[in-house]
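The basis for the numbers below is simple: all heavy atoms, side chains too, and nothing from hydrogens, waters or symmetry mates.
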Amino acid sequence: MRAAVYDQYTDDFSDITVRDVEDPKVPPASVLIEVRAAGVNPVDWKLVGGHLDPVMPTQFPVTPGWDVAGVVIGLGFDTPEFSIGDEVIAYARKDVLGGGTFAEKVAVPVHAVTAKPKSLSWEQAGGLPLAGRNFSSQAVPG
């Protein structure tokens, strides 16, 4: 599959290249998502620059990105929550920085995946997961 990747921390985003990488494996209780849109957040440039290296292990090459909207194309075993063809969004942050959402496909644990709101375009849905988390626990006025 094709993915945007970088091989070392950098502040020069021209060091991020699009190239062929291996398809992600789909662990138990996870889904494989065909990416239709991926959000870009301020944390992405912090990660690319190595600013979170003291707290996040990294496995190079890294595909950045934590937000995704797409279609389920694969299921890990013991994953009854979703079906092939489901339209979903996900907050795809993992404990090790490596396989992110700026790719054709991404594997995500089901606890971080939900149905894509039908009223949103792929682009709108792709930008929702991380930023939307800030609103999910706050009361919405009137």
Side-chain angles (χ1 to χ4, degrees), residues 1-11 13-141:
M1 75 165 180
R2 305 283 287 165
V5 297
Y6 57 97
D7 295 304
Q8 63 186 18
Y9 295 128
T10 181
D11 289 323
F13 282 86
S14 66
D15 291 336
I16 298 174
T17 60
V18 176
R19 63 180 189 242
D20 291 321
V21 299
E22 289 186 32
D23 282 4
K25 294 181 181 180
V26 188
S30 296
V31 296
L32 182 63
I33 299 171
E34 179 182 70
V35 177
R36 298 289 175 90
V40 180
N41 294 288
V43 72
D44 295 316
W45 70 263
K46 292 175 186 173
L47 293 166
V48 171
H51 302 284
L52 297 181
D53 183 66
V55 296
M56 288 204 72
T58 303
Q59 183 177 354
F60 291 105
V62 173
T63 297
W66 286 352
D67 285 356
V68 65
V71 177
V72 174
I73 59 169
L75 302 169
F77 67 86
D78 194 24
T79 310
E81 298 89 339
F82 295 97
S83 299
I84 302 297
D86 286 349
E87 295 183 352
V88 297
I89 62 173
Y91 175 58
R93 185 189 66 78
K94 298 174 182 146
D95 293 335
V96 175
L97 191 59
T101 61
F102 298 178
E104 292 177 324
K105 303 172 192 168
V106 63
V108 182
V110 294
H111 68 79
V113 181
T114 194
K116 174 189 158 295
K118 294 186 184 306
S119 63
L120 298 182
S121 69
W122 287 111
E123 293 78 11
Q124 291 167 325
L128 182 62
L130 179 58
R133 288 172 50 97
N134 292 329
F135 298 105
S136 64
S137 63
Q138 298 176 9
V140 177

| Minimum-distance pair of heavy atoms, taken over all atoms of E104 and R2 | OE1-N, 2.8 Å
| message | If you compare all heavy atoms of P109 against all heavy atoms of S30, which two are closest, and at what distance to 0.1 Å? | response | CA-OG, 3.6 Å
| Does a side-chain heavy-atom distance below 4.5 Å link L32 with P24? | yes
| query | About how many Å separate CD1 of I84 and CD1 of I73, when rounded to the nearest 0.5 Å? | reply | 7.5 Å
| request: Check salt bridge (charged side-chain N to carboxylate O under 4.0 Å, His left out) between E34 and all other residues, then give those that pass, not counting sequence neighbours. | output: R36
| note | D95 meets the salt bridge (charged side-chain N to carboxylate O under 4.0 Å, His left out) criterion, sequence neighbours left out, with R93
| Which residues satisfy the salt bridge (charged side-chain N to carboxylate O under 4.0 Å, His left out) test with K105, sequence neighbours excluded? | D23
| message | Using the side chain to side chain contact (heavy atoms under 4.5 Å, CB included) criterion, which residues pair with E123? Sequence neighbours excluded. | response | S121
| Which atom pair, heavy atoms only, marks the closest approach of G76 to V26? | N-CG1, 3.3 Å
| Closest non-hydrogen atom pair between E22 and M1, with its separation | O-CE, 3.8 Å
| field | Full working for side-chain contact (heavy atoms from CB on, under 4.5 Å) between V35 and F102 | value | CA-CA 8 Å; V35 177; F102 298 178; over 6 Å; no
| query | Can you tell me how far the CG atom of L47 sits from the OG1 atom of T58, to the nearest 0.5 Å? | reply | 7.5 Å
| Taking every non-hydrogen atom, the tightest pair across A125 and I89 | CB-CG2, 3.6 Å
Can you give each donor-acceptor pair under 3.5 Å made by side-chain atoms of residues 111-118, sequence neighbours left out, with the distance rounded to 0.1 Å?
| from | atom 1 | to | atom 2 | distance (Å) |
| --- | --- | --- | --- | --- |
| K116 | NZ | L120 | O | 2.7 |

| Should D15 and V48 be marked as a side-chain contact (heavy atoms from CB on, under 4.5 Å) after you check the CA-CA gap, both sets of side-chain angles, and the distance that decides it? | CA-CA 10 Å; D15 291 336; V48 171; over 6 Å; no
| message | With a 4.5 Å cut-off on side-chain heavy atoms, are W45 and H51 touching? | response | yes
| Pairwise side-chain contact, D7 with T17, heavy-atom cut-off 4.5 Å (strictly under) | no
| request: Taking all heavy atoms of V108 and all of A92, pick out the closest pair and write down the distance. | output: CG2-CB, 3.7 Å
| task | Kindly compute the distance separating CG (L130) from OH (Y91), expressed to the nearest 0.5 Å. | result | 5.0 Å
| Pairs touching residues 60-89 that satisfy side chain to side chain donor-acceptor pair (under 3.5 Å), sequence neighbours left out | N41-D67
